[in-house]
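Below is one structure, written out as structure tokens, with a few remarks after it.
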Protein chains: 2
Amino acid sequence: MSPTHTEVTVAPADLDPCGHEDHPDCGIRDVLDRIGDKWSVLVIVELASEPRRFRELQRAIDGISQRMLTLTVRRLERDGLVLRTVYPTVPPKVDYRLTATGASLTHLVKTLADWSVTHRPVIAEARHQYDQAHPDLDIRSA
Amino acid sequence: MSPTHTEVTVAPADLDPCGHEDHPDCGIRDVLDRIGDKWSVLVIVELASEPRRFRELQRAIDGISQRMLTLTVRRLERDGLVLRTVYPTVPPKVDYRLTATGASLTHLVKTLADWSVTHRPVIAEARHQYDQAHPDLDIRSA
DNA sequence: CAGTATCCATGCCGATACTG
DNA sequence: CAGTATCGGCATGGATACTG
């Protein structure tokens, strides 16, 4: 880590992984880079109803490690989607809640979930068909 | 969608990475596992307007490798989001188009893009603030 | 043109151990 | 409780070469 460097991080082109703005693509990748990872949405969903403490989140989100929860909430905090509040008590208490921006994401997430529920059977069937038709081919491990 | 199959496909735990259905989480992770990767949405966006051939896709999607385009369209095909058509000509011609299910995703993608465009400035600012306040901390490389 | 096949780098993520 | 630090596996994805 060696935190002793005064150099100002310029952070150029931080939000623009792809080169051209005229394409409608870029915005999408941007959101997905934010919530497309393994845990972010689950944290957001969990915080949608009410603020949660660190351990509460960890217990609520099945399978997440301490490390990943920390990383996930830190990133969400950095992006201004989650507000982190530290109460200087002993033992320490920290809670997390959605900011206004973060809360606006819950609608989006709901839309995603709805789509999934609606189309899940069709997709499952499509997969089944495909795997029947291509028994030798294995996409998953390719 | 022509539900002409009597056999109830059990689909053994293929679509259910997390263990419990009562949580609202699972559906979301499901979509994200499908479109959350690096290229899928870009392919979908590109196919939204009209069918495309393989090379057309590759040229349209800046930076995608041959390998990744193949993998991406294959997965989308397997999930029944994209239809692949081979014309037995020489040289070979293959085109890809969205299925009805795939097309239904474009609305979703549009929603994502809109959210991104709307909130991008706020998020950029939040990041900036955060990085100012925590100059030593580096989340990106953690 | 439309792919396969192979090799390899990165980095996401999990497991574990330790701290204020 | 709420983290940090370290190590290591494994999947994702890029580069390159080859094929029908």
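Letters go in sequence order (proteins before strands), and every chain restarts at 1. The structure presented is a predicted model; accordingly, all values stated were derived computationally and were not measured.
The separation between B:Arg75 atom CZ and D:dG13 atom C1' is 10 Å, rounded to whole Å. We find that CG of A:Leu69 is positioned 13 Å from P of D:dC1, with the value rounded to whole Å. In this structure, the CG atom of A:Asp95 is 10 Å from the P atom of D:dG3, given to the nearest Å. Put simply, CD on A:Glu56 is 16 Å from C1' on D:dG3, counting in whole angstrom units. At whole-Å resolution of the value, CH2 in B:Trp39 and P in D:dA11 are 22 Å apart. Atom-to-atom, CE of A:Met68 to C1' of D:dA11 comes out at 14 Å; the value is rounded to the nearest Å. Atom CG in A:Leu71 sits about 9 Å away from atom P in C:dC13, given to the nearest Å. For the pair B:Arg74 CZ and D:dG13 C1', the computed distance is 17 Å after rounding to whole Å.
Judged by distance alone, the side chains of B:Tyr87 and B:Asp95 do bring a donor and an acceptor atom under 3.5 Å apart.
Between A:Arg55 and D:dA2 there is no side-chain polar atom (N or O) within less than 4.0 angstrom of OP1 or OP2.
A donor-acceptor pair under 3.5 Å links the side-chain atoms of B:Thr70 to the main chain of B:Gln66, judged by distance alone. Of the possible polar contacts, none joining the B:Thr106 side chain to the B:Gly102 backbone as a donor-acceptor pair under 3.5 Å is found. Looking only at distances, no side-chain donor or acceptor of B:Arg97 sits under 3.5 Å from a matching main-chain atom of B:Leu47.
Minimum atom distance to the side chain of B:Arg59 is reached by C:dC1, of the listed C:dA17, C:dC1, C:dG14. Among the nucleotides C:dG20, C:dC1, D:dG3, the one closest to any side-chain atom of A:Pro92 is C:dG20.
Using a 4.0 Å heavy-atom distance criterion, B:Tyr96 is classed as a sugar-phosphate-only contact.
If you check distances only, the side chain of B:Arg67 does reach the base of D:dG13 with a donor-acceptor pair under 3.5 Å.
Nearer to the 5' terminus of DNA chain C, by closest-nucleotide assignment, is the contact made by B:Arg84 (compared with the other of B:Arg84 and A:Ser65). DNA chain C is contacted by both A:Lys38 and B:Val86; B:Val86 maps to the nucleotide lying nearer its 5′ end (nearest heavy atom per residue).
Base pairing annotation: C:dG20 forms a Watson-Crick or G-U wobble pair with D:dC1, both donor-acceptor distances under 3.5 Å. Using the Watson-Crick or G-U wobble rule with both distances under 3.5 Å, D:dA11 pairs with C:dT10.
B:Arg75 has its side chain within reach of B:Leu71: a pair of non-hydrogen atoms, C-beta onward, lies under 4.5 Å apart.
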